[in-house]
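Proteins come first, then strands; the chains are lettered A, B, ... in the order of their sequence lines, and each starts at number 1.
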There are 2 protein chains.
Amino acid sequence: MQQKGETTIQDIADHAQVSKSTVSRVLNKSTAVNKDKRTAVLAAMKTLGFEPNLAARSLAGGRSMTLGVLTQNIGSPFYDALAQGVIHGLAGSGYSPIFVDGQWQQSTEIESIRTLIGRRVDGLLLIGGDVPVEQLNQLRERLPTIVVAREVVGWENQCIHVDNVQAGYEATKHLIDFGHQRIALLRGIKEHPDAIQRFEGYAKALTEAGIEFDTDLIYQGDFSGQSGVMAVNSLISRGIHFTAIFAANDMVAFGARLALSRHGMRVPEDISLVGFDDQAESAFATPPLTTMKQPAVEMGTAAANALVKLIHDEQYELASLPVELQRRESVARLR
Amino acid sequence: MQQKGETTIQDIADHAQVSKSTVSRVLNKSTAVNKDKRTAVLAAMKTLGFEPNLAARSLAGGRSMTLGVLTQNIGSPFYDALAQGVIHGLAGSGYSPIFVDGQWQQSTEIESIRTLIGRRVDGLLLIGGDVPVEQLNQLRERLPTIVVAREVVGWENQCIHVDNVQAGYEATKHLIDFGHQRIALLRGIKEHPDAIQRFEGYAKALTEAGIEFDTDLIYQGDFSGQSGVMAVNSLISRGIHFTAIFAANDMVAFGARLALSRHGMRVPEDISLVGFDDQAESAFATPPLTTMKQPAVEMGTAAANALVKLIHDEQYELASLPVELQRRESVARLR
DNA sequence: AGTTGCCTTGAAACCGGTTTCACGATAGAG
DNA sequence: CTCTATCGTGAAACCGGTTTCAAGGCAACT
């Protein structure tokens with residue numbers, strides 16, 4: 001934090017008795033500079049407290065050192081963790097993220113992306129989202145783009161996501177292994193790809209175990225706690241028999257767990273419960289929640305790193321990130 | 001999303017048969033422009049798909065339309081909610097926020113603020129943080145600055161925060177009103193101003209009720225769930241008698257609640273529990289957690305609005321935001 | 001000693017806007 | 001019917017950097 005009237009490259013040049021060009025060169029290490037001059041420039045920058053004007057730099061150099069990040073539902077644990085990972089992954093890279101919120105609405109998302117483009121971001125990081133693939137393809141031609149937490153066909157190398165059908169399969173399998181057959185699925189938002197894929201995994205596990213699939217056990221809701229309580233209430237009031245629940249995410253599981261206890265049903269003695277995400281609170285729920293742990297922070301970090309590499313035209317590998325069953329105490333063997 | 005090779009103001013000018021200046025004028029509505037030309041320009045912008053280059057704009061106009069937001073602990077519900085509020089409050093204002101993470105470390109914070117300055121942000125929004133007051137005062141002279149979730153003396157009009165001693169007082173009072181006298185305080189990080197002030201409120205309520213203050217009941221921890229379980233374990237292993245707990249935040253309360261149940265103590269029948277923040281999960285805890293609700297989103301929104309006004313030199317009022325007791329089911333009358 | 005070629009360096013063009021300034025036209029006032 | 005404000009407009013300067021280009025200096029090579 002320095003004086004007012006920002007110091008410019010010209011001031012440095014005057015002070016160090018060199019030209020603007022030279023100052024720029026030491027700033028960017030672009031060309032060799034005589035050692036004496038270099039130190040003089042460095043010294044001048046120190047005394048005058050110089051901080052390069054990014055706008056000018058961006059205008060002249062065509063790089064803004066800014067990355068656009070489109071998030072969804074800021075305030076939801078999973079997406080926040082992702083964002084946290086992005087920030088973490090960008091630290092020290094010289095790039096700063098600028099966040100816009102898409103709110104899971106196509107029109108908002110597209111509008112938001114437009115403003116990012118107006119800001120001449122050097123790359124785009126899309127977290128989830130509903131933007132149609134054709135638009136994405138167009139986008140990709142203009143700007144380095146990475147998509148995270150969403151599967152896009154044809155984007156295999158610019159797309160970081162977990163295998164949600166496998167995750168859904170494993171969660172269900174875990175319950176089956178513990179003797180459960182009547183497993184309610186609290187499904188999440190109808191059109192949401194994650195919900196659809198986890199449902200597939202659920203169905204697959206059931207089929208594989210030779211368990212009859214029963215639509216009565218499927219509850220179409222959203223990803224909120226309230227949805228969890230409504231699901232359980234609905235199940236019970238309809239007199240559906242079930243011994244376990246696989247919830248769309250941890251928040252839904254919390255809601256379900258509460259509704260269960262309101263009905264005098266214990267977890268896990270009467271009903272087993274599996275969540276999804278492993279948000280921080282889940283380890284401290286009563287009982288601690290068994291859940292599918294999504295490596296959200298790691299995904300964010302990986303995405304950020306990949307984007308930077310992509311911008312620099314460097315090679316990179318997209319490590320496949322596993323979602324792992326986090327066994328705690330909300331699942332019990334069926335007696 | 002448009003063609004490649006970005007359209008510039010000059011392209012528009014050529015297409016509409018006017019000068020750059022005129023285009024700029026209709027863009028900014030700065031000077032009256034002949035209606036015919038204005039519509040011609042607008043039409044040209046439409047056909048060519050024009051998105052002004054923000055870097056150029058910033059360089060020329062001295063405004064970057066970007067606001068620097070310094071957050072702490074991205075990933076913690078309270079700060080995330082604040083950030084969410086900021087984004088919400090900025091929507092449609094033309095300003096975009098750019099976030100940097102201070103991680104509650106002075107050096108990181110100062111470094112982060114430097115990069116924000118380098119980006120020539122038009123204003124600064126500091127969420128919490130440890131930056132010394134003298135530095136803040138220096139900062140304020142260079143840049144419109146608003147501080148939120150932190151009280152800074154002498155900044156009464158640029159500072160949005162809740163009354164933590166009052167909040168601590170009310171929480172404690174609530175417990176006292178329900179007959180509790182042995183109230184454990186899970187205090188949070190030692191030097192954290194919020195923790196200190198809530199402690200003051202706690203002490204005040206006790207004194208006022210003529211209840212003896214007992215240091216055995218005070219647990220110095222942090223703001224994590226783990227801290228909650230450690231606190232309860234410590235209390236119990238030391239054989240301290242208590243009938244209620246006032247936790248530093250909801251996360252700590254969850255931890256405490258879990259530890260309690262591990263020791264066979266029920267909430268609220270045996271022990272009453274009050275949290276702080278009212279994060280989303282709290283309403284769905286078992287039992288639903290009584291807690292002090294912080295208007296985090298509103299604070300963020302208010303801060304964002306205030307900052308925009310401050311930048312425009314407009315008048316604004318800083319509404320005082322109350323933290324309110326959210327009564328749920330984790331507190332019971334002492335038998 | 002004369003060339004050639006590399007290295008360092010400054011001058012100047014350029015990036016895409018905003019803003020000042022001056023000028024011509026139009027309109028209102030005397 | 002002039003004279004003077006007012007309005008609309010384009011040319012040009014400017015914002016603070018990066019990058020191209022050409023030139024000067026010096027070492028190496030023939």
Side-chain angles (χ1 to χ4, degrees), chain A residues 2-42 44-45 48-66 94 115 117-122, chain B residues 2-42 44-45 48-66 94 115 117-122:
Chain A
Q2 73 235 40
Q3 309 317 318
K4 40 193 162 182
E6 318 292 352
T7 320
T8 78
I9 206 178
Q10 185 66 63
D11 300 334
I12 305 289
D14 296 347
H15 197 275
Q17 317 243 35
V18 298
S19 71
K20 282 169 61 180
S21 322
T22 302
V23 178
S24 173
R25 289 194 253 265
V26 347
L27 209 51
N28 302 292
K29 307 183 182 36
S30 50
T31 315
V33 173
N34 178 296
K35 194 159 190 185
D36 293 349
K37 303 209 175 185
R38 139 171 277 106
T39 52
V41 168
L42 258 22
M45 297 209 290
L48 275 57
F50 172 71
E51 195 70 41
N53 182 325
L54 214 99
R57 222 170 183 178
S58 158
L59 183 56
R63 283 159 271 143
S64 65
M65 300 309 283
T66 305
T115 77
I117 292 177
R119 301 188 97 87
R120 299 298 188 274
V121 293
D122 295 335
Chain B
Q2 76 233 36
Q3 310 316 318
K4 40 193 161 180
E6 318 291 352
T7 319
T8 77
I9 205 178
Q10 184 67 61
D11 300 335
I12 305 291
D14 295 348
H15 197 275
Q17 317 244 32
V18 298
S19 70
K20 284 168 58 179
S21 323
T22 302
V23 178
S24 173
R25 289 193 254 265
V26 346
L27 209 51
N28 303 289
K29 305 182 184 40
S30 51
T31 316
V33 173
N34 179 298
K35 193 159 190 183
D36 293 349
K37 305 207 174 186
R38 137 170 280 106
T39 49
V41 169
L42 258 20
M45 298 210 288
L48 275 58
F50 172 72
E51 196 70 41
N53 181 325
L54 215 99
R57 223 172 181 175
S58 158
L59 184 57
R63 282 159 272 143
S64 65
M65 299 310 282
T66 304
T115 77
I117 291 178
R119 300 190 97 86
R120 300 299 187 274
V121 295
D122 295 337

- Item | Phosphate OP1/OP2 of C:dC7: any A:K37 side-chain N/O under 4.0 Å | no
- Task: Could you point out which residue of B:D11, B:I12, B:L42 forms a side chain to side chain contact (heavy atoms under 4.5 Å, CB included) with B:F50?
- Result: B:I12
- Item | OP1 or OP2 of D:dG16 under 4.0 Å from side-chain N/O of A:T8 | no
- Message: Output the rounded distance in Å from CD (A:Q10) to P (D:dT18).
- Response: 13 Å
- Task: Could you check how far NZ of B:K35 sits from C1' of D:dC7, rounded to whole Å?
- Result: 17 Å
- Message: Nearest to the B:L59 side chain among C:dT9, D:dC15, C:dG17, which nucleotide is it?
- Response: D:dC15
- Query: Using a cut-off of less than 4.0 Å, is there contact between a side-chain N or O of B:S24 and OP1 or OP2 of C:dT18?
  - Reply: yes
- Message: So, does B:R63 get its side chain near the phosphate of D:dC15, meaning an N or O under 4.0 Å from OP1 or OP2?
- Response: no
- Selected nucleotide, minimal atom distance to B:A60 side chain, candidates C:dG17, D:dT18, C:dA11: C:dG17
- Which nucleotide in the list C:dT9, D:dT18, D:dC15 gets nearest to the side chain of A:V33? C:dT9
- Message: Tell me whether the side-chain N or O atoms of A:K20 pair up with the base of C:dG10 as donor and acceptor below 3.5 Å, since no angle test is needed here.
- Response: no
- Note on the structure: Which of D:dT9, C:dG17, D:dG17 is nearest the side chain of B:T31? It is D:dT9
- Protein-nucleotide distance (B:R38, atom CZ; D:dG8, atom P), rounded to Å: 10 Å
- Task: Using whole Å, report how far NZ of B:K29 lies from C1' of C:dT18.
- Result: 16 Å
- Message: Ignoring hydrogens and geometry beyond distance, is a side-chain donor-acceptor pair present between B:R57 and B:S64 at under 3.5 Å?
- Response: no
- Item | Point-to-point distance, once rounded to the nearest 0.5 Å, from OG1 of A:T22 to NZ of A:K37 | 6.0 Å
- Message: Looking at D:dG10, I'd like to know if its phosphate oxygens (OP1 or OP2) sit under 4.0 Å from a side-chain N or O belonging to B:T22.
- Response: yes
- Query: For B:D122 and B:M65, what are the C-alpha separation, side-chain angles and deciding distance, and is it a side chain to side chain contact (heavy atoms under 4.5 Å, CB included)?
  - Reply: CA-CA 6 Å; B:D122 295 337; B:M65 299 310 282; 4.3 Å; yes
- Message: Need one value for B:V23: base, sugar-phosphate or nothing, where a base atom within 4.0 Å counts as base even if backbone is also close, heavy atoms only.
- Response: nothing
- Query: Expressed in angstrom and rounded to an integer, what is the separation of B:E51 atom CD from C:dG16 atom P?
  - Reply: 15 Å
- Task: Figure out the CE/P separation between A:M65 and D:dT18, and round it to whole Å.
- Result: 11 Å
- Message: Does D:dT9 have OP1 or OP2 under 4.0 Å away from a side-chain N or O of B:S21?
- Response: no
- Note on the structure: Per nearest nucleotide of DNA chain D, the residue lying toward the 5' end, B:S19 or A:P52, is B:S19
- Message: If I take atom CD1 in residue B:I12 and atom C1' in nucleotide C:dT18, what distance separates them, rounded to the nearest angstrom?
- Response: 16 Å
- Could one point to a donor on the side chain of A:R120 or the base of C:dG16 with an acceptor on the other under 3.5 Å away? no
- Task: For the residue pair A:S24 and A:S21, confirm or rule out a side-chain donor-acceptor distance under 3.5 Å.
- Result: no
- Query: D:dG17 P sits how many Å from A:L54 CG, rounded?
  - Reply: 10 Å
- Query: Looking at B:N53, does any N or O in its side chain come under 4.0 Å of the phosphate oxygens OP1/OP2 on C:dC15?
  - Reply: no
- Can you find a side chain N or O atom of A:R25 that sits less than 4.0 Å from OP1 or OP2 on D:dT18? no
- Item | Nearest-nucleotide pick for B:A32, side chain only, options being D:dG8, D:dG17, C:dT18 | D:dG8
- Atom CZ of A:R38 and atom CZ of A:R25: how far apart are they, to the nearest 0.5 Å? 11.5 Å
- Item | Phosphate OP1/OP2 of D:dC7 contacted by B:N34 side-chain N/O (<4.0 Å) | no
